Amino acid sequence: MKPITLLIAAFIASGTTAQFNNPLAIPPALDLDTFDLVVDEHVHQFYPGVNTNTYGASAEYLGPTLILHRGDSARIRIHNELAQVTSMHWHGMHVPGEMDGGPPREVLPGESWFARFMVKNPAATYWYHPHPHELTAEQANFGLAGFIIVQDEDEAALDLPRTYGVDDFPAVVQDRKFQPNGDFAFYPFGDSVLVNGTPNAYLQCPAQVVRLRLLNGSNARIYALGLDNGQVFNVIAGDGGLLPSPVSTDRLWLSNGERAEVLLDFTGMEGDSLLLMSHGSELPQTVPGSGNILWESSALNGIDFPVMRIRVVAPTADPVTAIPANLFTHVAPDEAESVQTRTKNITGTGMVGMGMFMINGLMFDLNVVNDTVQLGSVEVWNVVNNSNMAHPMHIHGVSFFILERNLQPPPAWEQGPKDVVLVDRWEVVKLIMRFTEPTDGWPFMYHCHNLLHEDNMMMLQYAVVDPNMSISRANDQDGMNIFPIPTTGSLSWTSDEAVQEVGLLDPAGRAVRRHFVPSTKQGMLDLAGLPSGTYTLILFHGSGRAHAKVVVD
Ligand code: C2O
Ligand code: CU
Ligand code: CU
């Protein structure tokens, strides 16, 4: 054991003296009709000669970048070769609840899940990661995560770098703590910085305008990114889409789960070498990654440290040489359209890893839907943080716009569509969003994206219900029949298409019955004992789902 311990110590030390000699790994980009991801255990050498047990999605660590096209359908098959349950969530994507891959959508060991959805999101950088109940942090820590890049015509019309791995680079930043035996420790903070799984990474960038797609894939650490030569980032996109025009800034905070696309102008800089830094010394004491001595300790907390080196090399044959003046404007819903304002009050006092934090005094319960919203409606959510630290709050199934941070408009790079927002202690953040995806018994989560807080129940659920569903529509258009009407006790159904799953939702959108059926065109549902009210019967089949209203009285 001794030599290995020394070896790791030596490599970690080299990280802080900026010997960045490992070429940055670029995950392969796949542009396929159907993606197959095998989630499995692996052994990977982050440091030469040191074996680390990892999980990966068809890779030793992390997974391939999935290229999706707006307007097309996406088909992704997940096969679980782990010894434990997993799930796979398309973070930021607007998909129906049944395809969202949250904790209810378990993929058992040895089993598969086939996710199919229309790509509705605008061009931006999204990602996928597992989301099983109480195991998200652990599985992500072992290495399960990957990029999703959505392309669309609006983005294609702009003169932007978009040759993957040449002038357009993904970069997921993660901190990891290595144990003396080479394995990862499961700890809120790490003292080794990995970019795309590469420690001490350098990236060769051509001397022209290049694009970095940055993702904070860390469990808890928040980064205050900057370049050591004083050069600015030109932020062109946030979590869920392009900004109206590039925003230049010399500091970019990235909280857990957040993405930013930035343009860096290296024109005429061939031969230069610079460092992408994180300025931990600038983070307030309430932000994980600052030097708050009350928290779990880490050699990187509270200090400025390099994330990776950038070496500027010869330009390509057909370089992008200018930062475009205008990009694309995504318009936030009008506040006058909002039908409801909800307040989400965060409380609790705790550590970065061991925190017990609540939203409106509640903690996660898989069997409780905490909010029910109407399909197509606009709502305003005020997130108020009365706890002792900052939390990166994330909402599934939508992109939101930040209307206000503490009564002020947010900084310009936060003004596009987003799905994660860092809410510091005593901050009030006002969000607006339109709910366009139905949950049909598979509720969406909203939670803190500090993965340890999330697994520690800092998560609630909401349902999106369609108020306009009627039985006539079901009979006429959805290819289903239910009988007898009226009925006592049980209900029969038939369907034109083979059905894989049957659900019955109560008026709040909670699934009170859910049955997986072996591809059948008829079945029966037991209604005995249900309180009276208007329920929704859903038949899920290969290409979609059929609804019918069922009145129990
Ligand atoms: Cu990125 Cu609920 O997750
Ligand atoms: Cu998500
Ligand atoms: Cu949190």
Side-chain angles (χ1 to χ4, degrees), residues 86-95 97 99-105 115 117 121 124-137 139-141 144-148 172 174 188 215-222 239-240 254-259 286-289 295-296 344-359 363-364 366 383-400 417-425 427 429 433 437 439 442-462:
T86 191
S87 80
M88 199 56 81
H89 169 56
W90 325 108
H91 178 126
M93 299 298 292
H94 306 167
V95 302
M99 292 300 161
D100 188 52
R105 182 55 93 173
F117 54 84
N121 290 65
T125 306
Y126 305 89
W127 64 303
Y128 58 92
H129 62 79
H131 216 306
H133 187 44
E134 294 185 284
L135 291 170
T136 298
Q139 293 186 5
N141 192 68
L144 285 173
F147 282 97
I148 295 173
V172 51
Q174 298 172 303
L215 159 65
N216 180 346
S218 301
N219 296 334
R221 184 180 300 282
I222 288 165
D239 298 330
L254 219 51
S255 71
N256 316 86
E258 269 190 304
R259 291 86 67 207
T286 46
V287 174
W295 291 342
E296 298 87 348
K344 302 294 163 194
N345 183 19
I346 301 168
T347 55
T349 304
M351 306 274 282
V352 177
M354 293 300 292
M356 292 288 271
F357 296 97
M358 280 153 284
I359 304 169
M363 296 177 89
F364 185 64
L366 203 48
V383 185
V384 186
N385 185 349
N386 286 304
S387 76
N388 70 326
M389 59 181 286
H391 302 276
M393 300 304 293
H394 170 52
I395 308 178
H396 286 215
V398 288
S399 296
F400 52 72
K418 284 184 63 57
D419 52 65
V420 180
V421 58
L422 183 67
V423 187
D424 203 351
R425 178 178 58 164
E427 274 199 304
V429 173
M433 64 208 122
E437 299 299 321
T439 47
W442 295 94
F444 288 131
M445 309 290 131
Y446 58 97
H447 59 88
C448 177
H449 219 290
N450 173 322
L451 297 179
L452 297 117
H453 291 179
E454 175 192 334
D455 278 347
N456 233 356
M457 312 297 153
M458 192 181 176
M459 173 157 74
L460 298 181
Q461 311 190 70
Y462 75 100

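Quick note: numbers below take in every heavy atom, side chains included, and nothing from hydrogens, waters or symmetry partners. Here the structure is a predicted model, which means the values were calculated and not measured. Both counts, for ligands and for their atoms, begin at 1 and track the order of listing.
Under 2.8 Å from the Cu ion (ligand 3), one finds the following protein N/O/S atoms: H391 ND1, C448 SG, H453 ND1. Residue-and-atom listing of protein N/O/S atoms under 2.8 Å from atom 1 (Cu) of ligand 1, sorted by chain and number: H91 ND1, H129 NE2, H449 NE2.
Looking only at side-chain heavy atoms (C-beta outward), I346 and M393 come within less than 4.5 Å of each other. Between V420 and S255, the closest side-chain pair of non-hydrogen atoms falls below 4.5 Å. Contact annotation: the side chain of H89 never approaches that of M445 to less than 4.5 Å [non-hydrogen atoms, C-beta and beyond]. Counting heavy atoms from C-beta outward, W442 and D100 have side chains that stay 4.5 Å or more apart.
Side-chain atoms of N450 do not come within 3.5 Å of backbone N or O of H391 as any donor-acceptor pair. With hydrogens and angles ignored, the 3.5 Å screen pairs a side-chain donor or acceptor of R259 with a backbone N or O of D239. N219 contributes no side-chain N or O that, together with a main-chain N or O of P188, makes up a donor-acceptor pair within less than 3.5 Å.
If you put the vertex on the Cu ion (ligand 2), NE2 of H394 and NE2 of H89 sit 180° apart, to the nearest 10°.
No more than 12 heavy atoms of other residues, nucleotides or ligands lie within 6.0 Å of CE in M356, so this atom counts as exposed by the packing criterion.
Aromatic pair W127/H394: centroids not less than 6.0 angstrom apart. Ring centroids of H447 and H453 are separated by 6.0 Å or more, keeping the two rings apart.
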